[in-house]
Number of protein chains: 2
Amino acid sequence: MSETEPRADRAEQPDRPEQADRATEQAERGPSTRPHTGRRRNEAAHRAILDAALHLLADSDGTPVTIDAIARTAGVGKQTVYRWWPSKGAVLLDALTDRADQDVHGPDTGTLRTDLRAFVATTFDAAQRSTTASALRTLAREAARDPHLAELMQTFTATRRTALRELLSRGRERGELAGNADLELIVDQVYGVFWYRFLLGHGPLDPATAERLADSLVTGNAGD
Amino acid sequence: MSETEPRADRAEQPDRPEQADRATEQAERGPSTRPHTGRRRNEAAHRAILDAALHLLADSDGTPVTIDAIARTAGVGKQTVYRWWPSKGAVLLDALTDRADQDVHGPDTGTLRTDLRAFVATTFDAAQRSTTASALRTLAREAARDPHLAELMQTFTATRRTALRELLSRGRERGELAGNADLELIVDQVYGVFWYRFLLGHGPLDPATAERLADSLVTGNAGD
DNA sequence: TGGTTGTCGAGACTGCTAGTCTTGTCAAGC
DNA sequence: GCTTGACAAGACTAGCAGTCTCGACAACCA
């Protein structure tokens with residue numbers, strides 16, 4: 001965002017309420033609320049905040065991202081940030097989900113082993129794309145201190161966990177998993193390894209690892 | 001620690017350098033250093049700090065423990081804390097390791113499956129003892145922000161990882177694991193699931209889970 | 001046109017915390 | 001008695017989240 005050019009207010013654009021529902025709920029007390037008066041919300045500022053947050057998340061190498069930095073980078077007052085998001089964590093998560101395609105659907109090749117291999121490999125790969133990785137790491141660190149953000153992140157990851165659980169469930173129905181297999185535990189083995197290695201960085205999260213993990217979950221590691 | 005009774009200095013006790021090596025290294029420049037003069041270190045204050053830290057860690061329900069609180073609880077000046085430990089994280093970790101018996105040796109029953117079951121069950125159980133659990137959780141949260149503490153924790157957990165790896169290695173030598181089994185990945189599945197569930201608390205870490213996890217690592221989850 | 005409402009950028013302000021620095025005290029040894 | 005270094009107390013700095021205030025200004029209404 002340039003500092004020489006004054007901010008272009010695009011109030012003539014139609015409102016895009018999908019981003020504002022959390023913040024404007026106190027303004028929507030009932031259906032008989034009087035129509036909006038006053039200056040319209042500046043969509044450009046809104047985008048600039050999300051962009052700045054994502055940019056800083058991606059750049060910061062683990063160092064926490066401050067609200068001051070976001071506001072300054074976006075060329076925006078801090079109050080404008082807090083008008084639309086309840087906390088720093090909410091801004092960060094919104095910035096990240098804004099980028100991520102939220103509709104996760106597991107692959108369905110007809111075989112559990114290949115489905116699982118693909119799912120795990122995709123998960124590992126998506127998280128490590130350079131734009132995302134640093135952002136996700138910073139977000140996880142922030143979530144450790146901010147219970148509100150932790151809760152938001154759990155609903156965010158729940159989508160992916162569900163997709164994996166359904167993939168496993170299909171396999172179990174086909175008899176590829178034991179009838180009493182603990183699907184929740186398998187899900188946690190995948191995401192446990194993922195987060196553990198992702199945050200500590202002591203082991204690889206490459207396609208070969210994904211394949212070994214998927215195979216081990218199905219057939220184990222026993223010798224002949 | 002009572003505030004009516006003046007602190008009992010026990011300077012006549014021999015120094016116990018195992019706790020002080022980090023802080024006094026600058027005083028041990030060479031073998032020809034002149035002998036110690038000045039007031040002796042107060043061992044009672046040292047213990048009081050560790051006890052206060054452990055007490056606060058155990059009590060705090062996720063809320064961060066402050067240095068001020070530790071010093072006040074111990075009846076000690078903040079500077080006394082920083083004289084002996086380089087950072088807050090170091091105090092917290094020291095307080096926890098002081099309690100934990102560091103010599104971890106995996107069981108050796110002669111069978112991988114039973115060894116692994118026992119190791120996992122013990123790990124789950126030890127971490128969830130009420131005194132330890134809250135402390136460990138708080139410590140992990142602090143480590144998310146404090147790289148120095150994160151490093152200390154990694155060396156702390158390395159002992160346990162090694163014990164598990166050796167347990168697996170013995171099993172592999174007996175042919176109970178495939179010759180090409182990725183031991184490091186198995187270790188990470190155990191500790192990944194552990195930390196994931198321990199920190200998020202969305203699933204159980206009970207003996208039944210330990211048994212299922214251990215079995216799944218050996219023989220997998222495939223149906224008949 | 002002028003009044004009301006609500007957003008805007010800017011930045012001062014509060015409250016909290018980690019870590020440093022200062023001060024006056026006191027014990028150990030020379 | 002002098003030096004050295006630990007001690008408790010607490011002032012102080014710096015960084016950050018979140019709140020509050022201000023003057024400007026845009027949208028809508030009468």
Side-chain angles (χ1 to χ4, degrees), chain A residues 1 3 5-13 15 20 23-24 26-27 33-46 48-49 52 56 60 63-92 142 145-149, chain B residues 1 3 6-13 15 20 23-24 26-27 33-46 48-49 63-92 142 145-149:
Chain A
M1 191 121 291
E3 55 280 284
E5 153 201 83
R7 174 165 325 295
D9 285 355
R10 308 241 183 76
E12 65 275 17
Q13 283 188 357
D15 259 334
T24 46
Q26 82 281 11
T33 319
R34 71 164 164 57
H36 177 276
T37 62
R39 185 177 186 170
R40 287 286 170 75
R41 145 169 211 197
N42 186 341
E43 202 56 39
H46 187 244
I49 292 169
L56 290 171
S60 85
T63 32
V65 174
T66 69
I67 283 281
D68 264 301
I70 294 174
R72 222 174 321 112
T73 307
V76 140
K78 271 207 305 183
Q79 189 54 255
T80 304
V81 178
Y82 280 106
R83 201 188 319 275
W84 301 110
W85 290 273
S87 71
K88 187 182 74 159
V91 184
L92 298 184
E142 305 273 349
R145 291 283 190 106
D146 179 347
H148 182 240
L149 175 58
Chain B
M1 190 120 295
E3 55 280 287
R7 176 164 323 297
D9 286 355
R10 307 238 184 78
E12 65 276 18
Q13 283 188 357
D15 258 334
T24 45
Q26 82 278 12
T33 319
R34 71 165 163 58
H36 177 275
T37 62
R39 186 177 185 170
R40 288 285 171 76
R41 145 170 212 197
N42 186 340
E43 201 56 39
H46 188 244
I49 291 168
T63 32
V65 175
T66 70
I67 283 281
D68 264 302
I70 293 174
R72 223 176 319 113
T73 307
V76 140
K78 272 207 306 183
Q79 188 54 254
T80 304
V81 178
Y82 280 107
R83 199 187 322 275
W84 301 110
W85 291 272
S87 70
K88 187 182 74 158
V91 184
L92 298 184
E142 304 274 348
R145 290 285 190 105
D146 179 347
H148 183 239
L149 175 57

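Proteins get letters first, then strands, A, B, ... in listed order; numbering begins at 1 in each.
Here the CG atom belonging to A/Leu56 is positioned 7.5 Å from the OG1 atom belonging to A/Thr66, to the nearest 0.5 angstrom. We find the CD1-NZ distance between B/Ile70 and B/Lys78 to be 11.0 Å, quoted to the nearest 0.5 Å.
In this structure, A/Val65 reaches the sugar-phosphate backbone alone: every heavy-atom distance under 4.0 Å involves primed, P, OP1 or OP2 atoms, never a base.
Rounded to an integer number of Å, the gap from A/Leu149 CG to D/dA17 P is 12 Å. As a whole-Å value, the separation of B/Asp68 CG from C/dG15 P is 16 Å. At whole-Å resolution of the value, CG in A/Asp146 and P in D/dC16 are 16 Å apart. If you take OH of B/Tyr82 and P of D/dA6, they are 18 Å apart, rounded to a whole angstrom. Here C/dA18 presents its C1' atom at 10 Å from CZ of A/Arg145, a figure rounded to the nearest Å. Distance, A/Asn42 CG to C/dA10 P: 12 Å, rounded to whole Å. When rounded to the nearest whole Å, the span between CZ of B/Arg40 and P of D/dT3 equals 20 Å. The CZ atom of A/Arg72 sits 13 Å away from the P atom of C/dA12 (whole-angstrom rounding).
Checked against D/dA17, C/dG19, C/dC8, the side chain of A/Lys78 finds its nearest nucleotide in D/dA17. For B/Ala45, taking side-chain heavy atoms from C-beta onward, the closest of the listed nucleotides C/dC8, C/dT20, D/dA8 is D/dA8.
Remark: A/Arg72 pairs with A/Asp68 by the side chain to side chain contact (heavy atoms under 4.5 Å, CB included) rule, at least two apart or across chains. Under the side chain to side chain contact (heavy atoms under 4.5 Å, CB included) criterion, B/Thr80 pairs with B/Ile49, B/Val76, B/Arg83, B/Trp84, not counting sequence neighbours. Residues passing the side chain to side chain contact (heavy atoms under 4.5 Å, CB included) test with A/Ser60, sequence neighbours excluded: A/Thr63, A/Val65, A/Ser134, A/Thr138.
A sub-4.0 Å separation between OP1 or OP2 of D/dC7 and a side-chain N or O of B/Arg83 is present. Between B/Thr80 and the phosphate of D/dA6, there is no side-chain N or O to OP1/OP2 separation shorter than 4.0 Å. Listed pair B/Trp84 / D/dC7 meets the phosphate criterion, a side-chain N or O lying under 4.0 Å from OP1 or OP2.
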Contacts under 3.5 Å, N or O only, protein and nucleotides 22-25 of chain C:
none

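Scanning all heavy atoms of the two residues, the minimum distance from B/Ala48 to B/Ala74 falls at O-CB, 3.5 Å.
Using a 4.5 Å cut-off on side-chain heavy atoms (C-beta onward), B/Asp146 and B/Lys88 make no contact.
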